[in-house]
Amino acid sequence: MNTKPLPETYAGAITELESIVRKMQSDDCDIDSLAAYTARSLQLLRMCKERLQHTDEELKKLLEAL
């Protein structure tokens, strides 16, 4: 199980996801690493989704205040 902390920012998560994709597309990608890469990607994608939903909610509140 991956215990690496999540990035502090959305941009950091995207950067890490891009890095994972490059590793998975590489000819050097170890088949034994695929499950770990996939699990980490899911963690990062969940984080990004939560951040986007939170930002959307905040923007809606701000626009309603206008």
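FYI, the numbering just counts along the sequence from 1.
Using a 4.5 Å cut-off between side-chain heavy atoms of Ile, Leu, Val, Met, Phe, Trp and Tyr, L45 falls into a hydrophobic cluster with L6, Y10, I14, L17, I20, M24, I31, L34, Y37, L44, M47, L52.
Residues Q43 and R40 bring a donor and an acceptor atom of their side chains to less than 3.5 Å of each other.
Here salt bridge (Lys or Arg N to Asp or Glu O under 4.0 Å) pairs that include residues 51-66, with residues two or more places apart or in two chains, are D56-K60, E58-K61. Sorted by first and then second residue, the salt bridge (Lys or Arg N to Asp or Glu O under 4.0 Å) pairs with a member in residues 21-35 form an empty list; sequence neighbours excluded.
Note: Q53 CD to C48 SG = 11.5 Å, rounded to the nearest 0.5 Å.
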